[in-house]
S.K.: 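Pasting a structure here, questions to come.
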2 protein chains.
Amino acid sequence: MHKQEVTIYDVAREAKVSMATVSRVVNGNNNVRKETRDRVMEVINRLHYQPNAVAQGLASKRTTTVGLIVPDLTNLYFAELSKGIDDIATLYKYNIILSSTENKLLREDQVIQGLLNKQVDGVIYMGDRLSDEAAAAFERTNTPVVLAGTIDSREQFASVNIDYQKSDKEAFNLLLENGCGEIALILADAEASINKENRIRAYQEFVEEHNLTKHIYQDIYSYQDGYDLYGKLEEDGIEGALVTRNLSAVGIMNAALDDGKKIPDDLELITSNATAISEVVRPSLTNIKQPLYDIGAVAMRMLTKLMANEELEEKHMVLPYELVEKGSTTK
Amino acid sequence: MHKQEVTIYDVAREAKVSMATVSRVVNGNNNVRKETRDRVMEVINRLHYQPNAVAQGLASKRTTTVGLIVPDLTNLYFAELSKGIDDIATLYKYNIILSSTENKLLREDQVIQGLLNKQVDGVIYMGDRLSDEAAAAFERTNTPVVLAGTIDSREQFASVNIDYQKSDKEAFNLLLENGCGEIALILADAEASINKENRIRAYQEFVEEHNLTKHIYQDIYSYQDGYDLYGKLEEDGIEGALVTRNLSAVGIMNAALDDGKKIPDDLELITSNATAISEVVRPSLTNIKQPLYDIGAVAMRMLTKLMANEELEEKHMVLPYELVEKGSTTK
DNA sequence: ATGAAAGCGCTAACAC
DNA sequence: GTGTTAGCGCTTTCAT
């Protein structure tokens with residue numbers, strides 16, 4: 001950052017008005033006579049004046065910047081959510097400060113504190129679980145937060161989701177109807193609130209209701225994790241599974257195929273975080289299709305309202321999903 | 001943004017020192033006696049003081065923020081680059097302002113102007129082509145820029161890349177050696193400088209050298225575009241192709257498979273922007289493997305040097321790639 | 001409708 | 001080693 005070439009003061013002097021007036025025309029305040037406004041605009045254009053957003057931020061206490069907390073951008077699930085967020089953010093003229101939290105040098109609450117220090121006007125949170133410190137920091141600084149594609153048991157913050165319990169049960173039921181005996185739940189981080197409080201719970205209820213044996217496999221994060229897990233699944237006689245990460249699901253599927261098995265005849269697979277990947281593999285994966293872009297877009301729209309101190313009609317939005325039957329389950 | 005609860009002034013008063021001293025301890029300046037430093041730190045912790053980065057930015061003319069210009073985050077190619085950038089950025093304590101430029105309400109130079117207004121200390125550019133206005137704006141504001149995974153004919157800005165011409169020729173040669181007669185180049189935006197000045201040129205030279213017929217297919221952006229293109233490829237008797245986008249390559253492959261063809265027997269495919277997707281499809285795609293994470297990381301590291309006014313040993317870094325033979329070409 | 005002036009919270013000479 | 005004092009470039013009362 002070097003010394004700014006032309007400031008509001010230069011414009012004021014050149015246009016023979018006060019800084020206040022220049023500020024008004026820059027900010028679209030109506031209390032300016034048309035001739036004055038035109039004169040100021042002419043100078044602004046002539047001098048190529050551009051307001052310094054940092055100075056604006058300090059003076060106005062609004063930075064028109066929002067923080068985005070995302071575990072991992074290379075996970076298409078988050079990338080697609082982010083796209084919805086980004087589009088609405090630009091629509092409302094907000095900039096996004098990106099913060100990834102997975103495998104990082106910083107703890108999540110350090111990341112959040114950094115965002116708060118930058119004086120973001122609001123935050124979209126897509127992490128796995130919000131710490132108490134983080135929640136307290138948001139509270140203390142009075143920074144609005146919206147959770148996108150995540151849940152938090154506190155229900156303190158606004159959120160946009162699908163009904164994970166309902167969708168998962170629907171998936172389990174499909175596997176059951178298709179004749180799968182041993183049905184498994186395969187997930188990444190079992191402690192993530194979305195899993196702990198929704199998926200696992202839904203699975204428990206399902207298993208109990210139908211008197212089945214419980215098979216939960218956790219810490220399956222990657223393609224390779226899925227690939228390597230296959231052997232155990234076979235040992236355990238698993239015939240159907242709901243897999244949260246779609247890359248892991250593909251790993252399992254490929255391992256089965258490499259083992260000479262048939263999908264879905266020998267193993268039925270459903271993935272719950274469907275992205276483009278589930279569609280392009282062969283056979284394509286039956287999946288719980290979430291409106292990821294919309295979840296992001298709605299979350300960001302809600303945040304703009306909160307930042308403008310508007311009321312939210314609904315604090316917790318639940319968007320529709322669709323169970324899409326593809327080639328990894330029998331028809 | 002609400003009124004800040006505790007400022008540097010509060011800390012100064014409470015610790016019975018001047019603001020300057022508090023500022024010194026906050027910024028790790030050594031010119032503070034240990035006892036004073038301890039006393040100030042105690043107050044900082046007790047009051048939970050956090051510096052206001054916006055005020056720091058205005059006073060110091062450094063925002064410790066860099067702008068990231070990326071066409072589309074849901075393209076894994078960019079997501080993986082971004083991850084490398086992000087990791088190094090946090091390592092050096094920079095925040096990232098994210099700006100996507102594809103299918104957007106804003107033109108790219110508006111996006112860049114916005115970044116400049118936010119007083120970013122530097123910019124990583126991953127777009128397709130840098131406009132003259134944008135280049136001029138960077139020049140004018142003296143903002144360092146590094147291109148990651150992109151080229152710019154001006155060679156004015158630092159960059160990190162692989163040798164696209166060399167890698168592509170290697171790929172074409174592999175197809176030729178494998179006996180493909182009609183070899184095609186399939187790309188997205190033919191006007192992107194990376195294509196215009198590298199891939200297309202390499203292809204031209206290759207075709208001329210071997211006296212082959214030229215087959216360039218452009219505007220193939222998506223999986224579906226690839227899928228739909230297959231019919232034409234077959235009509236044209238294409239036996240081998242280099243496809244820039246790996247999702248498009250998968251689309252072509254799936255269309256061929258659905259048509260009862262065999263890969264690689266009937267059609268050989270190589271993709272040049274390999275991501276996880278090329279690995280998980282069956283058959284997996286022979287690809288030009290770029291060190292995407294490293295490209296991002298190195299680019300960001302270079303930017304930190306530029307922002308610190310250090311000299312760069314090399315302005316244009318060319319990283320190694322690898323042509324990885326998988327199942328979509330014959331062995 | 002316009003201007004004057006007081007900050008916003010911090011850094012950076014400069015003085016001591 | 002520590003304090004004093006100008007700003008940084010802008011917004012926002014409050015007058016007029």
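Keep in mind that this is a model prediction, so the values were computed, not measured. Reminder, nothing fancy here: chain letters follow the sequence lines and each chain counts from 1.
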S.K.: Compute the angle between the rotation axes at the two ends of the helix from C:dA1-D:dT16 to C:dC16-D:dG1, each taken over five pairs, rounded to 10 degrees.
M.R.: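 Computed angle between terminal axes is 30°.
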S.K.: Hey, are A:T64 and B:K118 close enough side-chain-wise for a donor-acceptor pair under 3.5 Å?
M.R.: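 There is such a pair between these side chains.
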S.K.: For the CZ atom of A:R301 and the CE atom of A:M317, what is their distance to the nearest 0.5 Å?
M.R.: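 One finds 11.0 Å between CZ of A:R301 and CE of A:M317.
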S.K.: Tell me: CZ of A:R13 to C1' of D:dG9, nearest whole Å?
M.R.: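 Computing the A:R13:CZ to D:dG9:C1' distance gives 14 Å.
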S.K.: For the atom pair OH (A:Y77) and CD1 (A:I295), what is the distance rounded to the nearest 0.5 Å?
M.R.: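 With rounding to 0.5 Å, OH (A:Y77) is 5.5 Å from CD1 (A:I295).
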S.K.: CG of A:N52 versus C1' of C:dG9: gap in Å, rounded?
M.R.: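 These atoms are roughly 15 Å apart.
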S.K.: Distance check, rounded to the nearest 0.5 Å: B:L58 atom CG versus B:Q56 atom CD?
M.R.: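 So the gap between those two atoms works out to 11.0 Å.
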S.K.: May I have the distance from B:N117 (atom CG) to D:dG9 (atom P), rounded to whole angstrom?
M.R.: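 After rounding, the reported distance stands at 14 Å.
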S.K.: Can a salt bridge be assigned to the pair B:R129 and B:E197 using a cut-off of 4.0 Å between side-chain N and carboxylate O?
M.R.: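 Salt bridge between B:R129 and B:E197, a charged N being under 4.0 Å from a carboxylate O: no.
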S.K.: Could you run through nucleotides 11-16 of chain C and give me one letter per nucleotide, 5' to 3': B if any protein heavy atom sits under 4.0 Å from the base, S if only the sugar-phosphate is that close, - if neither?
M.R.: BBB---
S.K.: Please give, in whole Å, the distance from D:dC14 P to A:N31 CG?
M.R.: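 A:N31 atom CG is separated from D:dC14 atom P by 16 Å.
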S.K.: For A:K61 and D:dT11, give me the distance from atom NZ to atom C1', rounded to whole Å.
M.R.: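 About 11 Å, once rounded to whole Å.
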S.K.: Where the side chain of A:S18 is defined as all heavy atoms beyond and including C-beta, which of D:dT2, C:dG3, D:dG9 is the nearest nucleotide?
M.R.: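 Looking only at heavy atoms from C-beta outward on A:S18, the closest nucleotide is C:dG3.
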S.K.: Could you state the CG-P distance from A:D10 to D:dG9, rounded to the nearest angstrom?
M.R.: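 The answer, rounded to whole Å, is 9 Å.
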S.K.: Taking only Lys NZ, Arg NE, NH1 and NH2, and the carboxylate oxygens of Asp or Glu, determine whether B:R46 and B:E14 approach each other closer than 4.0 Å.
M.R.: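 Salt bridge: yes.
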S.K.: Could you state the interatomic distance from CG (B:L73) to CG (A:L98), rounded to the nearest 0.5 Å?
M.R.: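 The distance works out to 7.5 Å.
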S.K.: To the nearest Å, how far apart are A:N29 CG and D:dC10 P?
M.R.: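 Answer to the nearest Å: 17 Å.
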S.K.: A:D87 vs A:K83, test: salt bridge (Lys or Arg N to Asp or Glu O under 4.0 Å). Steps then yes/no.
M.R.: CA-CA 6 Å; A:D87 280 358; A:K83 191 167 194 168; over 6 Å; no
S.K.: Should B:T21 be listed as having a side-chain N or O under 4.0 Å from OP1 or OP2 of D:dT2?
M.R.: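 Looking at the OP1 and OP2 atoms of D:dT2, neither is under 4.0 Å from any side-chain N or O of B:T21.
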S.K.: Measure the distance from CD on B:Q119 to P on C:dC10 and round it to the nearest whole Å.
M.R.: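 Distance check: B:Q119 CD to C:dC10 P gives 19 Å.
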